[in-house]
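Down below is the structure, laid out as structure tokens.
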Number of protein chains: 2
Amino acid sequence: MFELDVENSKPIYEQLMDKFKELMINDVLQEHNQLPSIRILARELTINPNTIQKAYKQLESDGYIYTLPGKGNFVAPPTSLKNSLEEKIRNDLEKVFAEALYIGIDKHEIYRLLEKGGDS
Amino acid sequence: MFELDVENSKPIYEQLMDKFKELMINDVLQEHNQLPSIRILARELTINPNTIQKAYKQLESDGYIYTLPGKGNFVAPPTSLKNSLEEKIRNDLEKVFAEALYIGIDKHEIYRLLEKGGDS
DNA sequence: TGGGTGTATTATTCTTCCTAATACAGTTCA
DNA sequence: TGAACTGTATTAGGAAGAATAATACACCCA
């Protein structure tokens, strides 16, 4: 399904979260799709099940996925995302804007990057 | 000069970097201004000098500041910022845009946040 | 019932963060 | 020159987080 970078300084469970968020954002994983089971994914990636569980648990508490005990983990509708997440992302936006302008990326360039991406 | 949050999960040296970047971005610290000496700042914040040094060293390797051994640390002109940094910030921009759109923040809102901020 | 799912717990190892205590070298200035 | 700054480097140790390992338990479903 994807690879991990063991050399990366970022913790494995965070890399996992990023990968899954990416898949959801790019609509590869859609609402109510099932995520790979903890044990299977752990075997495929040859990492510890507890590490997967940690990533899933965090994704769940952020509202990206939901869990049905005994059944599995599934992509949550974006409406169930936590408000605290939106706050955080607004802050991220402001922060990266300030930094981008400081290092010399100008507004038009930022506009371009925004338009280049999503649809909404 | 500023406070640190010991409870914060973010490492102290990263908090320090953020604080100084913020001061530079907001023009409180300007080109060639001297930063507080490692020992003095360590005493003021009651943290270990090595922690300050780590923050300064990282800021230097990113190109935010430059060091004159025996003299001190100084704010670098933005032109000396590393290209790798610009790459990183472009990625951050794209990533946070995708995430913002996914959670339901629309483009106009992002525009608003951008205009609210800097001047450039 | 059997085999899948998630969950919880305990112990162990490894790495990073931070502190602590030094020692060394360049700069400044009286 | 020498005292008092500056940054730099090294070694050691403690604390916390990341990851592994090995279980055990509970839920779901054919």
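The sequence lines fix the lettering, A, B, ..., with proteins before strands; numbering per chain opens at 1.
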Q. When every nucleotide of nucleotides 23-30 of chain C is labelled 5' to 3' by its protein contacts under 4.0 Å (heavy atoms), B for base, S for sugar-phosphate only, - for none, what sequence of letters results?
A. B--BSS--
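Environment of NZ in A:Lys95: sparse, with no more than 12 heavy atoms of neighbouring residues, nucleotides or ligands closer than 6.0 Å.
Ion pairing between A:Glu22 and A:Lys19 fails under the 4.0 Å rule for side-chain N and carboxylate O. Using a cutoff of 4.0 Å between basic side-chain nitrogens and carboxylate oxygens, B:Glu94 and B:Arg90 are not scored as salt-bridged.
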Please enumerate all protein N or O atoms sitting under 3.5 Å from an N or O of nucleotides 19-21 of chain D, with distances to 0.1 Å.
from, atom 1, to, atom 2, distance (Å)
D:dA19, OP1, A:Ile12, N, 2.3
D:dA19, OP2, A:Ile12, N, 3.4
D:dA19, OP2, A:Tyr13, N, 3.4
D:dT20, OP2, A:Asn48, N, 2.8
D:dT20, OP2, A:Thr51, OG1, 2.7
D:dA21, N7, A:Asn48, ND2, 3.3
D:dA21, N6, A:Asn50, ND2, 2.7

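Put simply, CG on B:Leu41 is 17 Å from P on D:dC5, counting in whole angstrom units. Atom C1' of nucleotide D:dT6 and atom CD1 of B:Ile40 are separated by 10 Å, given to the nearest angstrom. We find that CD1 of B:Ile52 is positioned 15 Å from P of C:dC17, with the value rounded to whole Å. C:dT19 atom P lies 15 Å from atom CZ of B:Arg43, rounded to whole Å. Between B:Gln53 atom CD and C:dC17 atom P the separation is 15 Å, expressed in whole Å. The distance from atom CD of B:Gln58 to atom P of C:dC17 is 10 Å, rounded to the nearest whole Å. Atoms CD1 (B:Ile38) and C1' (C:dA20) sit 16 Å apart, rounded to a whole Å.
Not one side-chain nitrogen or oxygen of A:Asn73 sits closer than 4.0 Å to the OP1 or OP2 atom of C:dT5. Contact annotation: B:Ser37 side-chain N/O to D:dT6 OP1/OP2 distance is under 4.0 Å. Contact annotation: A:Lys57 does not reach the phosphate of C:dG6 (side-chain N/O to OP1 or OP2, under 4.0 Å).
Contact between B:Val75 and B:Gln30 at its shortest, heavy atoms only, is CB-O, 3.3 Å.
Taking B:Asp18 as the reference, B:Lys10 meet the side-chain hydrogen bond (donor to acceptor under 3.5 Å, both in side chains) condition, with sequence neighbours excluded. By the ring pair (Phe, Tyr, Trp, His ring centres under 6.0 Å) test, B:Tyr64 pairs with no residue at all, sequence neighbours left out.
Using a 4.5 Å heavy-atom threshold, the side chains of B:Pro78 and B:Glu31 count as touching.
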Can I get a per-line list of side-chain donor-acceptor pairs under 3.5 Å for residues 35-43 of chain B, giving both atom names and the distance, sequence neighbours left out?
from, atom 1, to, atom 2, distance (Å)
B:Ser37, OG, B:Ile40, N, 3.2

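Every pair passing ring pair (Phe, Tyr, Trp, His ring centres under 6.0 Å) that includes a residue from residues 31-52 of chain B is listed here, sequence neighbours excluded: B:His32-B:Tyr66.
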